[in-house]
Amino acid sequence: GAGVSQTPSNKVTEKGKYVELRCDPISGHTALYWYRQSLGQGPEFLIYFQGTGAADDSGLPNDRFFAVRPEGSVSTLKIQRTERGDSAVYLCASRADSDPPGELFFGEGSRLTVL
Amino acid sequence: GQQLNQSPQSMFIQEGEDVSMNCTSSSIFNTWLWYKQDPGEGPVLLIALYKAGELTSNGRLTAQFGITRKDSFLNISASIPSDVGIYFCAGIGGTASKLTFGTGTRLQVTL
């Protein structure tokens, strides 16, 4: 597709369950970012991939959060033992190497609700 | 995590009015950007600034990179209904390529 695609758009789960969120970046974009946006807040950085490797994972809040990008395209954000505080919109963004660092293309996000 | 401080938090204006919002940080940034987010959508880039003191325009939008590198402002002239949304500043510091976002300014435009 033309833009960044994220699935599911909405996910409701119970406390303690495992969740996977998927991001399909713009074709050819080697840089991929995950952000988390809580209600009424700006997006907060989680992790940045350059190709297949995580170049910066300093924003992951704890070891329940993990992300992979095995073939340098699609990425999956994995959350184990979900807690109510994990409820937020998870945004994915991508960027081409030829674009300046801050000029990201965002998807519409995956809204996660933990009951 | 760190977030940049934006003001005002929200604003209600009439169509045709000019708008000004700003963003401040306790640390220096090398790049400042302004994004707009509509409900249910991801943020969309409006303007990017790369040099201290730089003033850049994009249509009715004008943004400036503060000379101290710790602030930026965004002006919107002659507002229209589709300007409604949340405006976020964002910055990049040091050699990192990750963005730090502001707390947002919610803009409402009345006819």
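Side chains included, hydrogens not; waters and symmetry mates left out as well; all remaining heavy atoms used.
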Can the ring centres of Phe101(B) and Tyr35(A) be said to be less than 6.0 Å apart?
-> yes
Closest contact, heavy atoms only, Gln41(A) versus Phe88(B) | O-CZ, 3.8 Å
Please look at Gln6(B) and chain A and tell me whether the side chain, the backbone, both or neither of the residue comes under 4.5 angstrom of a heavy atom of that chain.
-> neither
Shortest non-hydrogen contact between Pro100(A) and Tyr50(B), atoms and distance = CB-OH, 3.2 Å
With distance as the sole test, does Tyr33(A) use its side chain to make a donor-acceptor pair with the main-chain N or O of Leu99(B) at under 3.5 Å?
-> no
Among residues 63-96 of chain A, which residues come closer than 4.5 Å to chain B, judged by heavy atom distances?
-> Leu91(A)
Apply salt bridge (Lys or Arg N to Asp or Glu O under 4.0 Å) to Asp99(A) and list each qualifying residue two or more places apart in sequence or on a separate chain.
-> none
Please state whether the side chain, the backbone, both or neither of Ser58(A) comes within less than 4.5 Å of a heavy atom of chain B.
-> side chain
Of Pro43(A), Gly42(A), Gly109(A), Gly40(A), the largest count of non-hydrogen pairs under 4.5 angstrom with chain B goes to Pro43(A)
Can you tell which part of Gln50(A) gets under 4.5 Å to a heavy atom of chain B, answering side chain, backbone, both or neither?
-> neither
Leu104(A) and Tyr35(B): CA distance, side-chain angles, deciding distance, side-chain contact (heavy atoms from CB on, under 4.5 Å) verdict = CA-CA 10 Å; Leu104(A) 307 186; Tyr35(B) 280 81; 3.7 Å; yes
Exceeds 12 heavy-atom contacts within 6.0 angstrom, atom CD of Gln9(B) = no
